[in-house]
Amino acid sequence: MSNTTSEIKFQIELDDNKVPETLSWTARDGGIVNEEAKAIMLSIWNSKNKETLRIDLWTKDMPVDEMKIFFHQTLVAMADTYEKATQDDKMTATMKDFCDYFAEKLELKE
């Protein structure tokens, strides 16, 4: 039995103050090569220490209105992932209610 590996790469170009100027990512298995991004939020679970490690980056030209949409879509995706991972329908519904509230307060819903 052979194992298959897959690689995802992020490239971050920094200014003199180490603020991201550009972000790009490559996931060849998904057909993505040097795709531009304006923001990245990455969470990594460290089971040994029972803690989440995070990398949150955004370019200095990321528009605030797009950041609000990015956060909302990330929250919705987290609720969906939580449901898939735990089958906890009650908490998922609560999380999705918060997502709706978040979108309403930021006037993201049309």
TODO: Give a yes or no on whether F102 atom CZ has more than 12 heavy-atom contacts from other residues, nucleotides or ligands under 6.0 Å away.
DONE: yes

Task: Donor-acceptor contact present, side-chain E107 to main-chain E104, <3.5 Å - done: no

- [ ] Mind jotting down which residue pairs meet the salt bridge (Lys or Arg N to Asp or Glu O under 4.0 Å) criterion with at least one end in residues 58-77? Sequence neighbours excluded, please.
- [x] D15-K60, E21-K60, K38-D61

Task: Any residue meeting side-chain hydrogen bond (donor to acceptor under 3.5 Å, both in side chains) with Q11, in chain and number order, not counting sequence neighbours - done: none

Open item on the list: If I compare all heavy atoms of H72 with all of A103, which pair ends up nearest, and what's the gap?
Closed with: NE2-CB, 3.4 Å

Task: Over 12 foreign heavy atoms within 6.0 Å of CE, M78 - done: no

Task: Working for side chain to side chain contact (heavy atoms under 4.5 Å, CB included), residues I69 and Q73 - done: CA-CA 6 Å; I69 295 166; Q73 290 179 4; 3.4 Å; yes

Open item on the list: Any heavy-atom pair between the side chains of E13 and P20 that's under 4.5 Å?
Closed with: no

Open item on the list: Quick check for you: to the nearest 0.5 Å, what is the distance between F10 atom CZ and L23 atom CG?
Closed with: 9.5 Å

Open item on the list: With rounding to the nearest 0.5 angstrom, report the CD1 to CD1 distance, I55 to I40.
Closed with: 8.5 Å

Task: All side-chain hydrogen bond (donor to acceptor under 3.5 Å, both in side chains) counterparts of D100, not counting sequence neighbours - done: none

Task: CG on L42 to CH2 on W25, rounded to 0.5 Å - done: 11.5 Å

Task: Connected via hydrophobic side-chain network under 4.5 Å: Y82 and F98 - done: no

TODO: Indicate yes or no: at least one non-hydrogen side-chain atom of L75 is less than 4.5 angstrom from one of M95.
DONE: no

- [ ] Measure the spacing between CG of L53 and CD1 of I44 and express it to the nearest 0.5 Å.
- [x] 6.0 Å

TODO: For T4, check side-chain hydrogen bond (donor to acceptor under 3.5 Å, both in side chains) against everything at least two apart and list the hits.
DONE: none

Open item on the list: Would you say that M91 contacts T94 through its side chain, given a criterion of any heavy-atom pair below 4.5 Å between the two side chains?
Closed with: yes

Open item on the list: Using the side-chain hydrogen bond (donor to acceptor under 3.5 Å, both in side chains) criterion, which residues pair with S43? Sequence neighbours excluded.
Closed with: R54

TODO: Rounded to the nearest 0.5 Å, what's the gap from CG on L106 to OH on Y101? Could you check?
DONE: 10.0 Å

Task: Single-linkage hydrophobic cluster, 4.5 Å side-chain cutoff, V19 and W58 together - done: no

Open item on the list: To the nearest 0.5 Å, what is the distance between NZ on K18 and CD1 on I12?
Closed with: 12.5 Å

Task: I8 versus A27, closest heavy-atom pair with distance - done: CG1-CB, 4.2 Å

Task: Partner residues of S47 under the side-chain contact (heavy atoms from CB on, under 4.5 Å) criterion, sequence neighbours left out - done: W45, K50

Task: Donor-acceptor contact present, side-chain N49 to main-chain E51, <3.5 Å - done: no

- [ ] Give the cluster check for M62 versus F71: same hydrophobic cluster or not, with ILVMFWY residues linked at side-chain heavy-atom distances below 4.5 Å.
- [x] yes

TODO: Would you indicate whether M67, at its atom CE, is surrounded by more than 12 heavy atoms from other residues, nucleotides or ligands within a distance under 6.0 Å?
DONE: yes

TODO: Please test S24 against E35 for side chain to side chain contact (heavy atoms under 4.5 Å, CB included), starting from the C-alpha separation and ending with a verdict.
DONE: CA-CA 5 Å; S24 63; E35 185 75 26; over 6 Å; no

